[in-house]
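These numbers come from a predicted model, not from an experiment.
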Amino acid sequence: MKTALIVVDIQNDYFPNGKMELVGTDVAARNAGRLLASFRESKRPIFHIQHINGPNALFFAHGTSGSEIHESVRPQENEPVIQKSSPNSFHKTSLLGDLQDEGIEKAIICGAMSHMCIDATTRAASDFGFDCIVAHDACAAKDLEFEGSSIAADKVHGSFMAALSFAYAKVVSTDEAISTISKVQTSEP
């Protein structure tokens, strides 16, 4: 089954001193970097997603260093970067056509934010018929508030990973995702 890696929105504004700092972004980025290395080594397709907002946005504002893809997962010259402006990486982008053109059947998804773009992108990918895997420890979230109650980022992240694993994706660790790729690679002709 031809597999692609989709790295979603690991951008500078999500890191310490950024405009929308997430909890655990450094760890998530390191794990995403490990996935990238594995895909690069096996010469499998990689798609980078970059969220770009208007120039007056709170974060990921067009033309700012905060909107740039973080150095830990910086794309190589031959790796496509697909820009988007909504949580769903498929909405008004070339991602679906690009995946179909490559004959992709399975997508391994990582990045940020767990409760927004990872959730929206994974659900859309599943709805489009892709077999989805989310590397949960290569994703990050932030503390949220709902009706006056604070919800810690780890609870936000866990809730969304649990929901995705219910019907939309297999949710695994980075190690398990890399192992999956190795198994697929050895079983392909």
Side-chain angles (χ1 to χ4, degrees), residues 4-41 43-99 102 107-125 134-145 150-157 160-161 174 177-178:
L5 176 64
I6 302 174
V7 183
V8 181
D9 300 351
I10 300 182
Q11 295 168 239
N12 291 336
D13 271 342
Y14 282 156
F15 286 79
N17 303 312
K19 293 186 176 184
M20 183 62 72
E21 184 177 343
L22 304 182
V23 175
T25 307
D26 291 328
V27 171
R30 273 195 303 275
N31 285 325
R34 293 174 52 224
L35 283 166
L36 266 173
S38 178
F39 269 76
R40 286 170 176 160
E41 183 179 320
K43 299 186 182 346
R44 293 183 179 282
I46 297 165
F47 296 88
H48 296 269
I49 309 298
Q50 181 184 29
H51 195 113
I52 300 292
N53 288 319
N56 299 318
L58 295 176
F59 65 103
F60 294 164
H62 183 269
T64 64
S65 63
S67 68
E68 293 174 8
I69 294 175
H70 192 263
E71 65 186 357
S72 62
V73 293
R74 187 157 291 135
Q76 292 182 348
E77 197 172 300
N78 62 334
E79 297 168 355
V81 176
I82 298 170
Q83 292 185 341
K84 66 178 179 67
S85 60
S86 70
N88 176 355
S89 299
F90 291 90
H91 183 68
K92 296 183 179 180
T93 73
S94 65
L95 182 58
L96 178 60
D98 294 344
L99 292 171
E102 288 277 341
I108 295 182
I109 300 167
C110 66
M113 294 187 282
S114 304
H115 54 287
M116 289 297 294
C117 300
I118 297 304
D119 181 65
T121 298
T122 302
R123 289 172 187 259
V134 175
H136 66 81
D137 55 355
C139 298
K142 68 183 280 70
D143 296 336
L144 295 179
E145 187 175 308
S150 293
I151 306 165
D154 65 326
K155 302 297 183 208
V156 171
H157 175 76
F160 275 81
M161 293 300 110
T174 297
I178 290 171

Quiz: residues 57-68 side-chain donor-acceptor pairs under 3.5 angstrom, not counting sequence neighbours:
from	atom 1	to	atom 2	distance (Å)
Thr64	OG1	Ala61	O	2.7
Thr64	OG1	Ser67	N	3.4
Ser67	OG	Ala61	O	3.4
Ser67	OG	Thr64	O	2.8

Hey, mind stepping through Cys110 and Asn31 against side chain to side chain contact (heavy atoms under 4.5 Å, CB included) and telling me if it holds?
CA-CA 9 Å; Cys110 66; Asn31 285 325; over 6 Å; no

Taking only residues two or more places apart in sequence or in another chain, which ones pass ring-ring contact (aromatic ring centres under 6.0 Å, His included) with Phe160?
none

Heavy atoms of Ala141 and Leu22 approach each other most closely as O-CB, 3.3 Å

Euclidean distance, His51 NE2 relative to Ser86 OG, rounded to 0.5 Å:
7.0 Å

Out of curiosity, Leu5 CG to Leu35 CG, how far, rounded to the nearest 0.5 Å?
5.5 Å

To the closest 0.5 Å, what do you measure between CD (Gln11) and CD1 (Ile49)?
10.0 Å

State which residues pass salt bridge (charged side-chain N to carboxylate O under 4.0 Å, His left out) with Glu102; sequence neighbours excluded, sorted by chain then number.
Lys2

Who are the ring-ring contact (aromatic ring centres under 6.0 Å, His included) partners of His48, not counting sequence neighbours?
none

Salt bridge (charged side-chain N to carboxylate O under 4.0 Å, His left out) pairs touching residues 15-33, sequence neighbours excluded, are none

In terms of heavy-atom contacts, Ala177 and Ala135 come closest through CB-CB, 4.5 Å

Just to verify, what does Glu71 make a side-chain hydrogen bond (donor to acceptor under 3.5 Å, both in side chains) with, not counting sequence neighbours?
none

Going by the salt bridge (charged side-chain N to carboxylate O under 4.0 Å, His left out) test, which pairs reach into residues 135-144, not counting sequence neighbours?
none

Are there over 12 heavy-atom neighbours, none belonging to Asn78, within less than 6.0 Å of that residue's CG?
yes

Distance-only, no hydrogens or angles: does the Thr25 side chain make a donor-acceptor pair with backbone N or O of Tyr14 under 3.5 Å?
yes

So which atom in Ile46 and which in Pro80 form the shortest heavy-atom distance, rounded to 0.1 Å?
O-CD, 3.2 Å

Listed once per pair and sorted, the salt bridge (charged side-chain N to carboxylate O under 4.0 Å, His left out) pairs that draw on residues 78-99, sequence neighbours left out
Asp9-Lys84, Arg40-Glu79

State the CD1-CZ distance between Ile82 and Phe47, to the nearest 0.5 angstrom.
6.0 Å

Could you tell me which residues satisfy side chain to side chain contact (heavy atoms under 4.5 Å, CB included) with Ala107, sequence neighbours excluded, listed by chain and number?
Ile6, Ile109

ring-ring contact (aromatic ring centres under 6.0 Å, His included) with Phe39: which residues, sequence neighbours excluded?
none

Ignoring hydrogens and geometry, is there a side-chain-to-backbone donor-acceptor pair from Gln50 to Val81 under 3.5 Å?
no

Step by step, would you call Ile118 with Val8 a side chain to side chain contact (heavy atoms under 4.5 Å, CB included)?
CA-CA 7 Å; Ile118 297 304; Val8 181; 3.8 Å; yes

Taking all heavy atoms of Thr174 and all of Ala138, pick out the closest pair and write down the distance.
OG1-CB, 3.8 Å

The criterion is side-chain hydrogen bond (donor to acceptor under 3.5 Å, both in side chains); which residues satisfy it with Asp13, sequence neighbours excluded?
none

According to the side chain to side chain donor-acceptor pair (under 3.5 Å) rule, which pairs have a member within residues 107-125, sequence neighbours left out?
Ser89-Thr121, Ser114-His157, Asp119-Arg123

Restricting to non-hydrogen atoms, name the atom on Cys117 and the atom on Ala112 that form the minimum distance, rounded to 0.1 Å.
CB-O, 3.5 Å

